[in-house]
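Structure, as structure tokens:
Residues take their numbers from the sequence shown, with the count starting at 1.
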Amino acid sequence: MIDQMNRLATVAEEPINEENTNSSRSKKVGQTWKKWIRNHFPHIFINKKSDLKILLSVLGCPLFPASLHPKNPIIISQVSSSAQYIIQHFTAATGCRKLSGVVKNMYATGKVVMGLVDDPGSKSSAATPSSSNSQKGCFVIWQMVPDRWLVELVVGGHKVVAGSDGSVAWRHTPWLGAHAAKGGVRPLRRALQGLDPVAISTVFSTAQYMGEKHMSSIDCFVLKLSAEHSDLAERSDSSAEMIKHVTLGYFSQRSGLLVYLEDSYLTRIQTPGSRPTYWETTMSTKVEDYRSVEGMMIAHSGQSSVIITRFGDNMKAGAEVTRMEETYVIDDLAFNVPGLSLDYFIPPDEIQKDFPEESLDWRSPLHR
């Protein structure tokens with residue numbers, strides 16, 4: 001199953017052709033038997049490299065659904081007074097209002113522990129992955145106002161690098177090399193997990209107020225952001241349609257801080273001659289341990305949980321669910337780092353700003 005989940009495209013379930021040669025028939029029978037064993041005894045087929053590939057693809061460097069500079073910006077006067085109040089409370093609580101325009105760049109380092117979750121009945125939404133499946137690593141993030149960023153993440157001996165020069169976002173993995181992201185430049189999700197209050201206040205300034213909700217023993221106000229239809233279209237192609245990408249931000253009613261971040265996206269996959277398959281990915285992050293750094297409150301730890309559900313009419317056994325979790329801590333963070341220049345954010349030579357239509361994107365995690 002891990003091998004199947006490494007690809008976004010559906011796996012055709014073809015019947016055995018009676019006209020095939022004996023060798024072909026034997027090969028298919030062997031594959032069917034191996035698949036049955038894999039489905040019933042998955043622990044026999046643990047593939048740590050495949051597990052790590054999935055983890056890094058999903059949790060490594062996901063992008064936020066909305067841009068800091070939307071193509072069709074909402075007029076602030078049209079934003080509900082409740083949403084404006086929540087953001088004003090957040091900017092006051094973090095101290096980012098007085099530092100807006102003063103902070104030109106940021107640097108942060110941290111550690112991560114991530115792993116697949118074997119127990120589908122686990123009620124924990126943000127627990128540390130079990131030691132048998134977990135992978136430890138570290139990361140460094142560089143940012144420069146307004147749209148430049150770079151993240152390097154090393155886990156289990158494998159390194160993933162992603163960045164943006166303000167014109168194109170890209171990613172480099174050991175198994176794919178460098179490739180560009182479709183859908184325009186968007187912020188790094190990790191930065192919006194309490195690391196960059198200025199960006200959080202900017203991106204949620206046009207959000208929709210959704211009401212109140214109790215999250216992790218905290219009474220919260222809920223703001224909602226959705227990817228624009230034009231961006232969803234840009235992130236789609238002839239075989240994969242990005243249907244939605246929505247983010248919910250949960251802000252503490254008491255402290256005003258962002259304490260929970262949840263986003264989900266749904267992709268419809270259909271290859272010629274096959275029925276459509278749907279992939280829904282939901283990532284939830286608990287943001288905590290806010291500390292003052294140079295006068296601004298910054299979150300220094302968190303836990304993320306991901307649920308990936310694959311479903312469709314062609315899946316006879318029903319929906320397939322993959323779960324994974326991550327914990328992270330921030331070790332060091334600084335603003336206005338001397339010497340950081342634009343050259344640091346130049347993409348790899350393989351990345352062209354006018355990248356070809358067949359360039360890979362990050363619309364779904366498990367095809368990596």
Minimum heavy-atom separation for Ala299 and Tyr290, please, with both atom names. N-CD2, 3.5 Å

Minimum heavy-atom separation for Arg171 and Leu56, please, with both atom names. NH1-O, 4.5 Å

Is the closest side-chain heavy-atom distance between Trp170 and Pro348 below 4.5 Å? yes

Using the side chain to side chain contact (heavy atoms under 4.5 Å, CB included) rule, take Leu52 and His158 through it: C-alpha gap first, then chi angles, then the decisive distance, then the call. CA-CA 8 Å; Leu52 184 58; His158 292 275; 3.1 Å; yes

Do Val203 and Val185 share a hydrophobic cluster (ILVMFWY, side-chain heavy atoms under 4.5 Å, transitive)? no

Look at Arg189 together with Asp263 and state whether they make a salt bridge at an N to O cut-off of under 4.0 Å. yes

Polar contact flag, side-chain donor to acceptor under 3.5 angstrom, Asn105-Gln143: no

Filter on ring-ring contact (aromatic ring centres under 6.0 Å, His included), then keep only pairs touching residues 294-339, sequence neighbours left out; what's left? Tyr278-Phe311

Taking side chain as C-beta onward, heavy atoms only, is Phe221 less than 4.5 Å from Tyr250? no

Given 3.5 Å as the limit, does a donor-acceptor pair link the side chain of Asp165 with the main chain of Val168, or not? yes

Is there a side chain to side chain contact (heavy atoms under 4.5 Å, CB included) between Leu192 and Leu188? Walk through the geometry before answering. CA-CA 7 Å; Leu192 297 181; Leu188 182 67; over 6 Å; no

Donor-acceptor check, side chain of Ser236 to backbone of Met242, threshold 3.5 angstrom: yes or no? yes

Do Glu212 and Gln253 have side chains that get closer than 4.5 Å, going by heavy atoms? yes

Any ion pair linking Lys286 and Glu288 (charged N to carboxylate O, less than 4.0 Å)? yes

Spacing of OG belonging to Ser201 relative to CD1 belonging to Ile86, to within rounding of 0.5 Å: 13.5 Å

Minimum heavy-atom separation for Leu195 to Ile298, with atom names? O-CD1, 3.4 Å

Partners meeting ring-ring contact (aromatic ring centres under 6.0 Å, His included) with Phe251 (sequence neighbours left out): Phe90, Phe204

Which heavy atom of Lys104 sits nearest to which heavy atom of Gly101, and what is that distance? NZ-O, 3.0 Å

Quick check for you: to the nearest 0.5 Å, what is the distance between Ile243 atom CD1 and Leu266 atom CG? 4.0 Å

For Thr271 and Ser274, test the side chains for any donor-to-acceptor distance below 3.5 angstrom and give the result as yes or no. yes

Under the salt bridge (Lys or Arg N to Asp or Glu O under 4.0 Å) definition, can you give me all pairs with a residue in residues 108-117, not counting sequence neighbours? Lys111-Asp331

Here the gap from Leu150 atom CG to Ile346 atom CD1, rounded to the nearest 0.5 Å, amounts to 11.5 Å

Applying salt bridge (Lys or Arg N to Asp or Glu O under 4.0 Å), name anything that partners Asp289, two or more places apart in sequence or on another chain. Arg291

Check for me, please, whether Trp149 and Val145 land in the same ILVMFWY cluster - side-chain distances under 4.5 Å, paths through other members count. no

Determine whether the side chains of Gln270 and Glu241 contain a donor N or O and an acceptor N or O closer than 3.5 Å. no

By salt bridge (Lys or Arg N to Asp or Glu O under 4.0 Å), which residues pair with Arg97, not counting sequence neighbours? none

Evaluate the side chain to side chain contact (heavy atoms under 4.5 Å, CB included) criterion for residues Leu223 and Met210: first the C-alpha distance (whole Å), next the side-chain angles of each, then the deciding distance (0.1 Å), finally the verdict. CA-CA 6 Å; Leu223 295 181; Met210 301 300 293; over 6 Å; no

Judged by atom type as modelled, is there a donor-acceptor pair below 3.5 Å linking the side chain of Ser255 to the main-chain atoms of Ser252? no

Smallest heavy-atom separation, Leu59 atom then Glu325 atom, equals CD1-O, 3.9 Å

Side chains of Met296 and Val103 in contact at under 4.5 Å (non-hydrogen atoms): yes

Is the backbone of Asp147 close enough, under 3.5 Å, to the side chain of Ser164 for a donor and an acceptor to pair up by distance? yes

Would you give the length of the straight line joining atom OG1 of Thr281 to atom CE of Met324, rounded to the nearest 0.5 angstrom? 8.5 Å

Using a 4.5 Å cut-off on heavy atoms from C-beta on, say whether the side chain of Met283 contacts that of Pro62. yes

For Glu152, what residues pass the salt bridge (Lys or Arg N to Asp or Glu O under 4.0 Å) criterion, not counting sequence neighbours? Lys159

Establish whether Leu225 and Leu261 are linked, either directly or via other cluster members, by ILVMFWY side-chain heavy-atom contacts under 4.5 Å. yes

Identify which one of Trp142, Phe139, Tyr344 satisfies the ring pair (Phe, Tyr, Trp, His ring centres under 6.0 Å) criterion when paired with Tyr107. Trp142

Within a strict 4.5 Å, meaning less than it, do heavy atoms of the Glu234 and Asp231 side chains meet? yes

Val112 side chain reached by Val155 side chain, heavy atoms, under 4.5 Å: yes

Kindly compute the distance separating CD (Glu294) from OG (Ser292), expressed to the nearest 0.5 Å. 9.0 Å

Shared hydrophobic cluster for Val160 and Leu176 (ILVMFWY, side-chain gaps under 4.5 Å): yes

Looking at Pro65 and Thr247, what are the two nearest heavy atoms and their distance? CG-OG1, 2.9 Å

Can you check side chain to side chain contact (heavy atoms under 4.5 Å, CB included) on Lys244 and Glu280, steps first, answer last? CA-CA 10 Å; Lys244 71 170 184 177; Glu280 184 171 33; 3.9 Å; yes

State whether a side-chain donor-acceptor pair under 3.5 Å links Thr282 with Ser264. no

Please verify the inter-ring angle class for His245 with Tyr265; under 30° counts as parallel, over 60° as perpendicular, anything in between as tilted. tilted

Rounded to the nearest 0.5 Å, how far does CG of Asp196 lie from CZ of Arg190? 15.0 Å

When you compare the side chain of Glu326 with that of Val306, does any pair of heavy atoms fall below 4.5 Å? no

Same cluster for Val58 and Trp175 if Ile/Leu/Val/Met/Phe/Trp/Tyr side chains link at under 4.5 Å? yes

